[in-house]
Amino acid sequence: HLRAGRSRIIALLVLDMANPFFADVASGAERAAREEGLGVMLCNSAQSPAEEADYLSLFAEQRVRGVLVTPADTSGRNLADFRRHDIPYVVVDRVLASADEGCSVSVDDITGGSLAARHLLAQGHRELVYVSGPMHLSQCRDRHTGALAALREAGLPQDALRRIEGERLDVAAGRDAGARLLGMAPRPTAVFCANDLLALGVLQALFAAGVSVPGDIALVGYDDIEFAAAAAVPLTSVRQPAFRMGRTAADLLIEETGEAAAEHRHQRIVLQPELVVRDSSIS
Ligand code: RIB
């Protein structure tokens with residue numbers, strides 16, 4: 001059942017195609033699409049709102065069935081353009097600012113940030129460093145908010161959480177953050193990273209400097225990508241149900257763009273993260 005003239009392709013527009021997290025999201029979306037005889041076209045915004053906007057004309061021209069988008073643009077302008085061009089979409093991995101922005105499937109990143117920080121506090125650490133990506137991304141902000149909430153719960157001051165903001169959410173930014181951690185006084189004993197790629201970069205930089213993990217510094221990542229468990233020191237990480245996110249978002253988009261979809265609903269589906277404890281954080 002296709003809406004008049006819509007192709008059998010769903011576009012998945014991700015923030016960073018090189019991040020294995022999105023491969024897991026894509027796998028889930030592809031499973032759901034295949035069951036409906038649809039295919040998935042993988043597109044990359046490379047964390048650039050301008051590059052994300054460039055895809056609009058392609059999606060309009062190709063009359064894609066719809067778009068699953070993990071937004072690089074946080075102003076809402078690109079999503080407004082999708083709506084203006086009648087391109088159906090479901091936002092993945094971000095809670096939308098307002099209901100009229102459409103449907104979304106995300107993970108409760110505030111709880112996720114709390115899980116990471118509570119775990120480090122339970123190991124006896126009394127201050128943490130949060131290595132973030134760009135804070136205009138809600139997933140980075142919410143993880144920070146959750147970590148601060150855990151400090152409050154433990155009766156610790158908010159400045160017991162120092163923050164290093166990485167330019168991008170990737171391994172290179174993690175290596176830069178690792179170098180900055182080594183220059184901090186007092187030297188941190190516990191670090192929570194906004195995603196596993198940052199954490200793997202931090203691990204690399206600390207190793208290169210002869211700093212041991214978790215001996216000198218306890219480390220926690222986020223996403224629990226395949227490489228987290230396979231890292232030189234198996235990485236403790238807050239697991240996002242990435243496959244389920246992709247599958248749920250594709251099911252929602254297919255439902256919204258099927259014959260039966262009367263009016264455009266504004267469903268928000270929020271999934272829960274879980275902490276997977278491994279060697280990198282047990283002091
Ligand atoms: O792409 C950046 C990060 O945002 C991913 O690692 C995942 O955590 C997503 O929420």
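All ligand and atom numbering here is 1-based and tracks the order in the structure.
Taking the six-membered ring for Trp and thresholds of 30 and 60 degrees, Phe59 and Phe82 have ring planes more than 60 degrees apart, a perpendicular arrangement.
If you check which protein heavy atom lies closest to atom 4 (O) of ligand 1, you get Gln139 NE2, 3.1 Å. Closest to atom 8 (O) of ligand 1, if we only count protein heavy atoms, is Asp223 OD1, 2.5 Å. The protein non-hydrogen atom at the shortest distance from atom 1 (O) of ligand 1 is Phe22 CE1, 3.1 Å. Taking atom 2 (C) of ligand 1 as the reference point, the nearest protein heavy-atom neighbour is Leu169 CD1, 3.3 Å.
Ranked by closest heavy atom to atom 10 (O) of ligand 1, the top entry among Arg94, Arg143, Met245, Arg168 is Arg143.
Each of the following atoms of ligand 1 lies closer than 4.0 Å to a heavy atom of Leu15: 1 (O). Atoms of ligand 1 lying under 4.0 Å from any heavy atom of Asn195, numbered from 1 in the order shown and given with element: 6 (O). Each of the following atoms of ligand 1 lies closer than 4.0 Å to a heavy atom of Gln240: 7 (C), 8 (O), 9 (C), 10 (O). The atoms of ligand 1 that sit less than 4.0 Å from any heavy atom of Asp93 are 4 (O), 9 (C), 10 (O).
Salt bridge status for Asp24 with Arg239: absent, with no side-chain N to carboxylate O gap under 4.0 Å. Salt bridge Glu165/Arg163: present, at least one basic N to carboxylate O contact under 4.0 Å. Contact check on Glu35 versus Arg247 returns a salt bridge, with a Lys/Arg side-chain nitrogen under 4.0 Å from an Asp/Glu carboxylate oxygen.
A cation-pi contact, defined as under 6.0 Å to the ring centre and within 45° of the axis, links Arg143 to Tyr222.
Contact annotation for Asn19 and ligand 1: only side-chain heavy atoms (C-beta onward) come within less than 4.0 Å of the ligand.
No side-chain donor-acceptor contact under 3.5 Å links Thr236 to the backbone of Val220.
Looking at Glu127, His125, Arg126 one by one, the single match for side-chain contact (heavy atoms from CB on, under 4.5 Å) with Leu156 turns out to be Arg126.
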